[in-house]
K.L.:
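Please find one structure pasted underneath; my questions will follow.
Chain letters run A, B, ... following the sequence lines, proteins first and then strands; every chain starts at 1.
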Amino acid sequence: MSHIQKAIETINNKKEKVLSVFVTAGFPARNNFVDLAFGLLDAGADMLEIGIPFSDPLADGQVIQQSSQAAIESGVATRDVLSYIHSIKKHTGKPIIAMGYANPILHYGVSNFFNDAAIAGADGVIVPDIPIEEYDDFFNCNKQGLDVILLATSASGSSRVKMIDKKSSGFVYCVSVLGITGARGMFTDVEVDAIRATRARITNNKMLVGFGISTPENIKQVAPHCDGVIVGSAIIKSLMNERESCSYENTFKLVRALKTRCRI
Amino acid sequence: MKTEIYDYPDLKGKFGRYGGKYVPEILLPALTELETLYLSMKNDPEFRSELLNLQQTYAGRPTPLTFADRLTRYYGKAKIYLKREDLCHTGAHKINNALGQVLLAKRLGKKRIIAETGAGQHGVAVATVCAKFGLECVVYMGEVDIERQSLNVFRMKLMGAKVVPVTSGSKTLKDATNEAIRDWVTNVTDTHYIIGSVVGPHPYPMIVRNFQAVIGYETKKQIQAVENRLPDYLVACVGGGSNAMGLFYAFIDSKNVKMIGVEAAGYGIDTDKHCASLTLGTAGIFQGMMTYLLQDSDGQVSEVHSISAGLDYPGVGPEHSYLKDTNRAAYFSVTDDEALEATKLLAKQEGILPALESAHAAAYLNYLMPATTPDEIVIVNVSGRGDKDLGTITKHIQL
């Protein structure tokens with residue numbers, strides 16, 4: 001069992017859902033990013049997904065696009081992301097996942113990336129534009145024990161979800177809605193039913209739900225049908241509002257509220 | 001003698017290492033659905049006759065192959081013929097693909113069509129076929145391109161399309177494509193995305209190429225009729241590369257036909273203001289495909305430049321990447337200024353005003369012609385007409 005699986009298991013055994021928080025590496029500021037990460041973990045995040053910025057993030061809405069662009073402009077490169085992860089892992093046992101589009105990782109060298117990510121202490125990798133069709137060609141290297149987490153959607157259909165479940169390790173990332181990342185109010189009954197249906201098809205892995213989860217109310221909707229949730233855009237948006245002050249108290253407050261909802 | 005038959009993409013949608021389906025999971029079912037439908041329609045007599053009828057009675061096909069006698073005399077070398085895609089309905093080859101794909105959309109039962117556009121030629125073609133078939137049409141277009149191609153914006157709106165300005169990134173074709181893909185991710189159940197070039201995830205590069213291949217098949221028949229032989233050179237401009245693939249594909253197994261793609265060098269390939277992806281790019285994964293890409297040392301996609309909005313793109317169709325690596329086609333580039341000169345030349349010598357995109361192909365004749373001989377034949381694809389560019393041209397050319 002991988003470290004990520006064990007961590008999810010342990011939290012679920014306490015009758016809690018996992019709260020995974022996505023942040024764009026080096027955003028909103030490079031100099032205190034590691035402290036921000038510790039603040040998020042202290043506030044209740046059970047794991048972090050650290051986003052490798054990319055110029056053309058196809059699956060992302062405006063909030064993550066903007067944070068990604070800002071990070072690129074401030075000079076955040078793939079090696080910086082790994083060095084942040086290294087600094088964070090020195091002081092936490094919680095899982096840290098590197099999340100990024102295929103091209104920066106390809107450019108870094110996929111094999112080099114896994115080597116260096118393992119040395120940095122990363123526990124897993126999510127590459128949203130590598131579907132199962134491209135998995136074998138792209139991840140054609142020693143993964144150094146890191147989990148490769150795959151995404152499933154309600155559009156995937158039963159047989160694809162089963163294949164995704166088979167190939168994914170760590171957990172399966174269930175995309176809650178048809179669409180890109182970003183807040184969008186409450187989930188419809190159809191969307192919640194689709195999440196429930198996807199989970200019924202997943203037998204090998206734990207399932208975390210992401211996309212469109214911005215409030216405790218959203219968590220209340222999906223919690224019965226998953227093992228944890230992933231919150232990204234809502235956190236980044238909050239960080240944007242606190243960018244000037246560099247005190248992230250409101251963001252930490254949001255994380256606490258989200259985690260509280262995971263405990264009910 | 002063993003004849004190798006060119007048979008790409010392979011079953012995984014790849015041209016050698018290029019191509020593929022590098023998109024979020026959410027799009028995979030739609031791509032599979034599109035591929036399955038396309039493969040079943042490809043040789044379906046009813047589908048083919050419907051498309052042929054539209055090509056002939058609506059789009060104005062076949063387009064002529066014009067002998068450019070004065071341009072031939074101007075260079076005094078090989079005979080130059082021009083394939084006249086500029087005479088297509090809506091003014092460029094883009095209608096070939098739009099018509100084919102709208103018929104697919106109809107059979108997929110999709111009521112809403114989205115597209116990206118750079119120069120606006122593809123946007124106009126899609127708006128046109130949507131008007132013809134009574135479908136909702138949304139076109140994504142970069143703010144910079146909306147400015148430099150304002151006539152085409154008006155044309156699209158006149159035909160009932162909604163034109164959405166894209167303000168992210170370089171505000172050109174690349175960003176319009178990102179936004180169109182994001183729309184498709186969100187509305188995939190009722191929406192068909194008509195990509196305008198041989199780019200994006202499989203099966204798009206194959207489908208767009210095959211709908212554009214009519215250019216080459218006609219050309220082959222036409223040149224055989226007048227010269228009783230195949231040409232020695234094919235020359236076409238390459239942004240995404242659909243007019244070039246359309247011209248090349250019919251000749252790909254005729255190894256004596258040399259195929260030349262001409263990219264936009266913008267201010268020059270020694271500056272950072274160009275979009276010569278095949279000339280100066282490296283392999284990368286972008287907008288669903290692995291292909292030659294202009295990118296920095298961290299794998300961030302570069303901001304590029306061309307005077308021609310249709311070529312202003314940091315990537316290129318994956319099949320061109322494959323043809324380059326296998327040396328089946330050769331790729332060169334010409335600058336903004338050279339393209340403007342070629343526009344003037346074609347206008348004065350032949351009475352044809354080419355699109356700035358197509359003018360890049362014509363501009364390469366300055367390099368190619370001296371190396372040819374009078375018994376050879378060169379065919380240049382005039383992929384579109386220049387009416388849409390008059391605004392830009394008047395800014396640069398003093399008469």
K.L.:
With a 4.0 Å cut-off on N to O distance, would you call B/K12 and A/D137 a salt bridge?
P.N.:
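Result for this pair is yes, salt bridge flagged.
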K.L.:
So which of A/I164, A/I180, A/I132 has the largest heavy-atom pair count under 4.5 angstrom toward chain B?
P.N.:
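Greatest number of close heavy-atom pairs with chain B: A/I180.
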K.L.:
With a 3.5 Å distance limit and no angle check, can you tell me whether A/H107 reaches the backbone of B/Q300 through a side-chain donor-acceptor pair?
P.N.:
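Absent.
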K.L.:
What part of A/Q66 is in contact with chain B, defined as an atom under 4.5 angstrom from a non-hydrogen atom: side chain, backbone, both or neither?
P.N.:
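Interface part for A/Q66: neither.
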K.L.:
Looking at B/D298, is its backbone amide N or carbonyl O close enough to the side chain of A/R79 to form a donor-acceptor pair, meaning the two atoms are under 3.5 Å apart?
P.N.:
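Judged by distance alone, no pair lies under 3.5 Å.
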K.L.:
Assess the residue pair A/E133 and B/K14 against the criterion (salt bridge (Lys or Arg N to Asp or Glu O under 4.0 Å)); give the C-alpha distance rounded to whole Å, side-chain angles, the decisive distance to 0.1 Å, and a yes or no.
P.N.:
CA-CA 11 Å; A/E133 281 78 355; B/K14 298 209 171 164; over 6 Å; no
K.L.:
With rounding to the nearest 0.5 Å, note down the distance linking CE in B/M290 to CG in A/L106.
P.N.:
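Going from CE on B/M290 over to CG on A/L106, the span is 5.0 Å.
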K.L.:
Answer yes or no: is there a donor N or O on one side and an acceptor on the other, between the side chain of A/Q62 and the main chain of B/S168, under 3.5 Å?
P.N.:
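No; judged by distance alone, with no hydrogens or angles, the pair does not exist.
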K.L.:
Taking side chain to side chain contact (heavy atoms under 4.5 Å, CB included) as the criterion, tell me which of A/L178, A/V177, A/L151 meets it with B/I26.
P.N.:
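Checked A/L178, A/V177, A/L151 against B/I26; only one passes side chain to side chain contact (heavy atoms under 4.5 Å, CB included): A/L178.
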K.L.:
Report the distance from atom CD of A/Q65 to atom CG of B/D175, rounding to the nearest 0.5 Å.
P.N.:
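Interatomic distance, A/Q65 CD to B/D175 CG, rounded to 0.5 Å: 9.0 Å.
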K.L.:
State, yes or no, whether a side-chain contact exists between A/L58 and B/N178 at a heavy-atom distance under 4.5 Å.
P.N.:
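SC-SC contact between A/L58 and B/N178 confirmed.
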K.L.:
Check the side chains of B/Q295 and A/N103 for a donor-acceptor pair under 3.5 angstrom, ignoring hydrogens and angles.
P.N.:
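Yes, B/Q295 and A/N103 have a side-chain donor paired with an acceptor closer than 3.5 Å.
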K.L.:
For a quick test of reading the model, state the closest non-hydrogen atom pair linking B/I285 to A/A102 and the distance between them.
P.N.:
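Closest heavy-atom pair between B/I285 and A/A102: CD1-CB, 3.8 Å.
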K.L.:
Where is the tightest heavy-atom contact between B/E25 and A/T153, given as atom of each residue plus distance?
P.N.:
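So the two residues come closest at CG-CG2, 3.8 Å.
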K.L.:
Please report the interatomic distance NZ(B/K21) to CG(A/D129), rounded to the nearest 0.5 Å.
P.N.:
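Separation between the atoms: 14.5 Å.
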K.L.:
Answer whether the closest heavy-atom distance between the side chains of A/F54 and B/V301 falls below 4.5 Å.
P.N.:
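Result yes, sub-4.5 Å side-chain heavy-atom pair found.
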K.L.:
With only heavy atoms counted, which part of B/D183 is less than 4.5 Å from chain A, the side chain, the backbone, both or neither?
P.N.:
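Neither part; nothing is under 4.5 Å.
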